[in-house]
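Data first, discussion second: the structure below is written as structure tokens.
What you see is a predicted model, and the numbers here were worked out from it, not measured in a lab. Along the sequence shown, residues carry numbers from 1.
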Amino acid sequence: MMSNISKVLFNLILYSGILYLGIIVLSKIFDLGTKKFMILDNKKRKASTYVFLVLGALLPLILANNTYALRTSVLVLIYIVLALSLNFVLGFAGQLSMGHSAFYAVGAYTTAILTVTYHVPFWIALVCSAIVSAIFGLLLGVPTLRLKGDYLAITTIGFSEILRLVLINWASFTRGPAGIPGIPSPKIFGYTISSNTGYYYILYILVILTIFISYRLLNSRLGRGLVAVKDDEVAAEAMGINPTFLKILAFVLGAAIAGLAGGIFASFIHYVNPDNFTYMESVVMLTMVVLGGVGSVPGIIVGATVLTILPEALRGISTYRYAIYGILLVMMMIVRPQGMISMSSLKGGGKNENSRS
């Protein structure tokens, strides 16, 4: 018994240490890359951005003969969208939501039920997924406005678990634990998109759209208001900012985008089940945001990519996956709380980041 416990502890410490060192090395590389990127003029920055976009668009062609890698790339894009959607709530509004998988589930089940039970076309069902998820975000956002920190986190966890139990027990509508199979693939001009490449490009467009919305919001009056509310809600309100409206906006927007990701996920795997949307999915999304850098769009993209690929690359230690996530979070909070790519480094303030944290 003791030998088994010792073996588990040894494996946890070993693998966590290796992954932690790898992430720290990556963070240093990204620090150097970010500094070089920030000293470029606007023309060169735009050119660099276009290069990354082209490389992303060409990835399915590069991986055309590797089905497994291409399918993993699709999952990476799904989690990038989910992590960015959580960033609206956590990174921009400063609200600790631990039940984001609920909106993911609402989107997936809305698409599944509409397409399978009511034979609604996929694209209409996908729009409905975003709308229904946004409504749930509103329903959660309004009564939890006065809650902060741990209290908000507990409330969102409760909401997520209640929703999951509803999905399990409302068998006449959701088919309960059996789930909903046979979710159709989307069609465009009569052409059925059933390949990994087709789903990759659908999600790639959604990722670009989410990044665009993130930056447009962050650089707008509403975005600056969100940041002000996050830093000091009382001072922001004294300056005439409406914290209530901005928090609800963050919840609704994050929920709608998570619902879109859920709808595409349901069509991608052609099956949904309550087990796909457990509390641990919310933990994974939160870990991606914290690891990448709260509020940092490039950082979150990196965090989501790393934490989606790692479990696939290290399937031999899948037993320790969530324990390793927890250890990594604690280590990152102690040593590098700003994440792999921090917001301040993107604004040219990376030099003093560690001293401030």
Listed by chain and number, what are the ring pair (Phe, Tyr, Trp, His ring centres under 6.0 Å) partners of [X], not counting sequence neighbours?
X	answer
W123	none
F245	none
F122	none

message: For N66 and Y68, which I'm curious about, is there any donor-acceptor pair between the side chains at under 3.5 Å?
response: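 Result is no, nothing qualifies.
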
- prompt: Regarding T192 and S185, is there a side-chain donor-to-acceptor distance under 3.5 Å anywhere?
  reply: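 Result is no, nothing qualifies.
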
task: For S282, enumerate each residue passing the side-chain hydrogen bond (donor to acceptor under 3.5 Å, both in side chains) test, keeping only those at least two apart in sequence or located in another chain.
output: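 Here the qualifying residues are S101.
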
I need the minimum non-hydrogen distance between [X] and [Y], along with the two atoms involved.
X	Y	value
I183	A112	CD1-CB, 3.5 Å
S214	V297	CB-CG2, 3.9 Å
P186	S267	CD-OG, 3.2 Å

message: If you count every heavy atom of other residues, nucleotides or ligands that lies below 6.0 Å from N219 atom CG, does the total exceed 12?
response: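 Atom CG in N219 is packed in, count exceeds 12.
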
- request: Please work out whether the ring planes of Y200 and Y204 are parallel, tilted or perpendicular, with thresholds of 30° and 60°.
  value: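 Parallel.
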
- prompt: How would you list all residue pairs meeting side-chain hydrogen bond (donor to acceptor under 3.5 Å, both in side chains) that involve residues 237-254, not counting sequence neighbours?
  reply: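 Sorted pair list: E233-K247.
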
message: The criterion is salt bridge (Lys or Arg N to Asp or Glu O under 4.0 Å); which residues satisfy it with E161, sequence neighbours excluded?
response: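 Partners of E161 under the salt bridge (Lys or Arg N to Asp or Glu O under 4.0 Å) test: R164.
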
task: Supply the atom-to-atom distance S48 OG to K43 NZ, rounded to the nearest 0.5 angstrom.
output: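 Answer rounded to 0.5 Å: 12.5 Å.
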
- prompt: Rounded to the nearest 0.5 Å, what separation is found between the CD1 atom of I257 and the CG atom of L84?
  reply: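 Between atom CD1 of I257 and atom CG of L84 there are 8.0 Å.
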
query: In the hydrophobic cluster built from side-chain contacts under 4.5 Å, what are the other members alongside I135?
result: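 Grouped by the 4.5 Å side-chain rule, V127, I131, L139 form the rest of the cluster around I135.
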
Hydrophobic cluster (4.5 angstrom, side-chain heavy atoms) - remaining members for I29: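 Hydrophobic cluster check, I29: joined to V25.
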
message: Considering only residues two or more places apart or on different chains, which pairs with a residue in residues 86-107 satisfy ring pair (Phe, Tyr, Trp, His ring centres under 6.0 Å)?
response: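 Qualifying pairs: F88-F92, H100-F103, F103-F159, Y104-F265, Y104-F277.
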
Within residues 177-198 or reaching into it, pairs that qualify as ring pair (Phe, Tyr, Trp, His ring centres under 6.0 Å) - sequence neighbours excluded: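 As it turns out, there is no ring pair (Phe, Tyr, Trp, His ring centres under 6.0 Å) pair with a partner in residues 177-198 once direct neighbours are skipped.
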
- request: Quick one: list whatever passes side chain to side chain contact (heavy atoms under 4.5 Å, CB included) with R71, sequence neighbours left out.
  value: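 Once residues adjacent in sequence are excluded, the partners of R71 under the side chain to side chain contact (heavy atoms under 4.5 Å, CB included) criterion are N196, F268, I269.
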
- request: Identify, with sequence neighbours excluded, every residue that meets side chain to side chain contact (heavy atoms under 4.5 Å, CB included) alongside V289.
  value: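 Partners of V289 by the side chain to side chain contact (heavy atoms under 4.5 Å, CB included) criterion, ordered by chain and then number, come out as A83, L86, N87, L90, V294, I300.
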
